[in-house]
Amino acid sequence: MRGLALRDGGTDTLARRNGGPSFWYADTHLPGRRPPLPGDRTVDVCIVGAGLTGLWTAYYLKQARPELSIALLEREFAGFGASGRNGGWLSSEFVAPRARVAERVGHERVVALQRAMQETVDEVIAVLEHEGVDADVAKAGLLHVARNPAQLHRLRAHLEEDRAFGLGEDDVAELGAAELADRVRVTGAIGGTWSPHCARVQPAKLVQGVAAAVERLGVPIYEGTTVSEVQPGRAITDHGTVSARYVLRCLEGFTPGLKGHRRTWLPMNSAIVATAPLPEAVWDQIGWDSPATLGDNAHAYMYAQRTADGRIALGGRGVPYRFGSRTDENGRTQRQTVEGLVALLHDMFPATADVPIDHAWCGVLGVPRDWSPSVHLDRETGLGWAGGYVGSGLATTNLAGRTLRDLIVGDDTELTALPWVRDGVRRWEPEPLRYLGVHAIYRLYRTADRREMGGLDRTSRLGLLADRIAGR
Ligand SMILES: Cc1cc2nc3c(=O)[nH]c(=O)nc-3n(C[C@H](O)[C@H](O)[C@H](O)COP(=O)(O)OP(=O)(O)OC[C@H]3O[C@@H](n4cnc5c(N)ncnc54)[C@H](O)[C@@H]3O)c2cc1C
């Protein structure tokens, strides 16, 4: 980690900037604030949280039923949360364990969900184009690399499952080490896969563009408005109460902040570092010429993108969870997490060793107890939600928005028949079990990753044990 001891606010850090919502906003600018809720209101649909789940829901619902009055309530600003901080993989990946879901709902419905996710990537790109949103979109696919025999074993097992669920060579193809090196040269990579169903995006540009499109449709976004509680027929805020036939909870990793939801979804932390733009000579050594997004097959996996202006943004787990379901303080990332991500960057791409790190930040995603996302609407109470996407929500939020639209409009459609439209699952354990459990799981994952890098040819038993404890 040569040449990286830079100063930020008087503290030595590895990154020139640490925190703030994300590099993506430093790359553009922070949006101006919209006014808060001006007192009590009555609307047809109240949406709590103006991340992509809430925004896409408002977008599609208002188009389907222009006569509906809709209000979006947002504690900070639209796109403040994960939607403005993520790694920019607009991907068809859906996190739920397919085999287990298929046992519950049948093979065909899982295949349908998979196809719907693939179509969603194109749907998002089409809407951005239609709305004139330039979010640095490049649909160049997704590369997964295996950096040791155990990772390769998992990657092939996953590929086998892909085939069993109907994904062909056109959907995901295995790459040998040499084929992979033609696309990107990652130290120690011994194989990989490539799928076309992913686009690289600049998350802040995307979410700000969608927020502007929602406003153009005439839906107000009330910012600086904290919802403390949702009940059938109303959302209670610090600026008044919104009464509504439907109240939708779209808070993802911030869900525990609502009264009665402390243990509904766990706020899992994820962190990213962005380098300065890489000199051409460094890109030449890395050989990552296309904007295909990149991930590995570690238990504590990494994800990365080549940004439109020639940086690497690389993310991973870091400190996974804070006691009592607390969330980060405005994206500021612990030193050990930044060190870990920078070390991984240098390990994968030694040519980046002298490239400064411009920014580090983090955010929270929502993890349900069964690690599977869901969409839900109770027609009697009018309460609904979508989320629990774990780490894969950028495209999924769009599918959620269209599904919530159909549920509210009352149409039985292909979307409302998808298997993630379901009730909630059991809650997370109370503290300190939650904290001890999540930290134990990630300690096991990290040890398993270290052992596998040491040469195991199968998944480490510790990794399997962590999966069992996690309930994945
Ligand atoms: C670091 C990181 C990297 C990621 N990388 C990827 C990726 O590359 N690809 C991918 O598919 N997914 C990724 N994800 C996940 C993805 O970003 C999320 O799943 C998705 O953005 C969730 O959108 P959302 O609208 O449900 O939640 P959020 O975007 O978190 O929105 C929730 C909103 O609710 C607001 N809010 C919070 N509390 C209250 C309250 N009490 N009252 C009112 N408003 C409130 C918040 O300010 C926020 O704006 C990543 C997530 C993180 C954190």
Side-chain angles (χ1 to χ4, degrees), residues 21-24 36-37 46-57 72-95 117 120-121 124 142 198-201 203 206-207 210-211 221-230 235-239 242 248-259 261 265 267-273 293-295 301-305 313-318 327-328 330-331 333 337 341 360-367 373 375 385-398 400-401:
S22 67
F23 161 75
W24 311 120
L37 181 73
C46 172
I47 300 176
V48 180
L52 283 168
T53 301
L55 291 167
W56 283 126
T57 304
L72 266 157
L73 304 177
E74 166 58 46
R75 192 184 71 187
E76 307 287 342
F77 60 84
F80 168 83
S83 299
R85 302 176 186 222
N86 58 72
W89 289 21
L90 182 68
S91 154
S92 68
E93 288 190 333
F94 191 86
V95 287
M117 281 300 298
T120 298
V121 174
V124 172
L142 167 60
C198 183
R200 183 277 319 272
V201 302
L206 190 156
V207 68
V210 178
I221 304 172
Y222 299 114
E223 296 186 340
T225 301
T226 303
V227 177
S228 53
E229 190 176 354
V230 295
I236 300 164
T237 87
D238 53 348
H239 286 80
V242 178
L248 306 178
R249 169 163 63 74
C250 302
L251 294 177
E252 190 61 353
F254 301 97
T255 304
L258 274 190
K259 186 171 175 201
H261 286 280
W265 291 335
M268 184 77 81
N269 197 65
S270 195
I272 306 186
V273 292
T293 53
L294 177 72
Y301 57 82
M302 54 69 62
Y303 49 91
Q305 70 152 278
L314 181 146
R317 186 61 69 228
T327 54
D328 61 271
N330 201 16
T333 305
T337 299
L341 292 175
W361 72 97
C362 62
V364 282
L365 28 109
V367 181
V375 183
W385 74 74
Y389 312 108
V390 190
S392 199
L394 195 44
T396 325
T397 51
N398 177 280

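In each ligand, atom 1 is the first atom listed, and ligand 1 is the first ligand listed.
Those atoms of ligand 1 with a heavy atom of S270 less than 4.0 angstrom away are 1 (C), 2 (C). Ligand-side atoms of ligand 1 in range of A82: 17 (O), 18 (C), 21 (O), 28 (P), 29 (O), 30 (O), 51 (C), 53 (C), range being under 4.0 angstrom from any heavy atom. The G87 neighbourhood of ligand 1 comprises atoms 3 (C), 4 (C), 5 (N), 6 (C), 7 (C), 8 (O), with distances under 4.0 Å to a heavy atom of that residue. Near V364, the atoms of ligand 1 lying under 4.0 angstrom from a non-hydrogen atom of the residue are 53 (C). Interface of G51 with ligand 1, defined as ligand atoms under 4.0 Å from a residue heavy atom, comprises 25 (O), 29 (O), 31 (O), 33 (C). Using a 4.0 Å cut-off to heavy atoms of Y303, the atoms of ligand 1 that qualify are 1 (C), 2 (C), 3 (C).
In the candidate list Y389, W361, F254, F80, F254 is nearest to atom 37 (C) of ligand 1, counting heavy atoms. Here the shortest heavy-atom distance to atom 41 (N) of ligand 1, taken over V390, T293, V227, T237, belongs to V227. Summarising the contacts of atom 14 (N) of ligand 1 with S392, G391, G401, the nearest heavy atom is found in G391. Of the listed residues (G257, G316, S83, C250), the one carrying the non-hydrogen atom nearest atom 21 (O) of ligand 1 is S83. Nearest residue to atom 11 (O) of ligand 1 from D238, L394, T396 is L394 (criterion: closest heavy atom). Of the listed residues (P373, G363, G88, G54), the one carrying the non-hydrogen atom nearest atom 53 (C) of ligand 1 is G363. Taking each of N86, I47, L55 in turn, the one with a heavy atom nearest to atom 4 (C) of ligand 1 proves to be N86.
When hydrogens are left out, the protein atom nearest atom 26 (O) of ligand 1 is T53 OG1, 2.7 Å; that is the closest non-hydrogen contact. Protein heavy atom in closest approach to atom 27 (O) of ligand 1: E252 CB, 3.3 Å. The single protein non-hydrogen atom nearest to atom 43 (C) of ligand 1 is R75 N, 3.3 Å, given as residue, atom name and distance. The nearest heavy-atom contact from the protein to atom 19 (O) of ligand 1 is G393 CA, 3.2 Å. Here the heavy atom of the protein found nearest to atom 47 (O) of ligand 1 is E74 OE2, 2.5 Å. Residue, atom and distance of the protein heavy atom nearest to atom 36 (N) of ligand 1 are L251 CD2, 3.5 Å. Residue, atom and distance of the protein heavy atom nearest to atom 52 (C) of ligand 1 are L365 CD2, 3.8 Å.
Only backbone heavy atoms of L73 (N, CA, C or O) come within less than 4.0 Å of ligand 1; its side chain stays farther off. Contacts of N269 with ligand 1, taken as heavy-atom pairs under 4.0 Å, are absent altogether.
Side chains of Y303 and S270: a donor on one and an acceptor on the other come within 3.5 Å.
Expressed to the nearest 0.5 Å, how far CD of E252 lies from CE of M268 amounts to 11.5 Å. For the atom pair CG of N86 and CG of L394, the computed distance is 4.5 Å after rounding to the nearest 0.5 Å. Between C362 atom SG and N269 atom CG the span is 4.5 Å, to the nearest 0.5 Å.
Judged by distance alone, with hydrogens and angles left aside, the side-chain atoms of E76 form no donor-acceptor pair with the main-chain N or O of G224 at under 3.5 Å. Checking side-chain atoms of T293 against main-chain N and O of R200 turns up no donor-acceptor pair under 3.5 Å. Looking at E74, its side chain never comes within 3.5 Å of a backbone N or O of V48 through a donor-acceptor pair. Using a distance-only test at 3.5 Å, with no hydrogens or angles considered, a donor-acceptor pair links the side chain of D238 to the main chain of T226. Between the side chain of W56 and the backbone N or O of V210, no donor-acceptor pair lies under 3.5 Å. Judged purely by atom type and a 3.5 angstrom limit, T396 uses its side chain to pair as donor or acceptor with the backbone of S392. In this structure, S83 contributes its side chain and L52 its backbone to a donor-acceptor pair below 3.5 Å. Judged by distance alone, with hydrogens and angles left aside, the side-chain atoms of W24 form no donor-acceptor pair with the main-chain N or O of G87 at under 3.5 Å.
Judged by the 6.0 Å distance and 45° axis criteria, R249 is not positioned over the aromatic ring of F254.
Between L52 and ligand 1, a contact under 3.5 Å exists for at least one N or O pair. Not a single N or O atom of T226, backbone or side chain, sits closer than 3.5 Å to an N or O atom of ligand 1. Considering backbone and side-chain atoms alike, W89 places an N or O below 3.5 Å from some N or O of ligand 1.
Nearest approach of A235 to C46, heavy atoms of both residues: CB-SG, 3.8 Å.
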Could you check I221 against L55 for side-chain contact (heavy atoms from CB on, under 4.5 Å), going step by step and ending with a plain yes or no? CA-CA 9 Å; I221 304 172; L55 291 167; 3.9 Å; yes
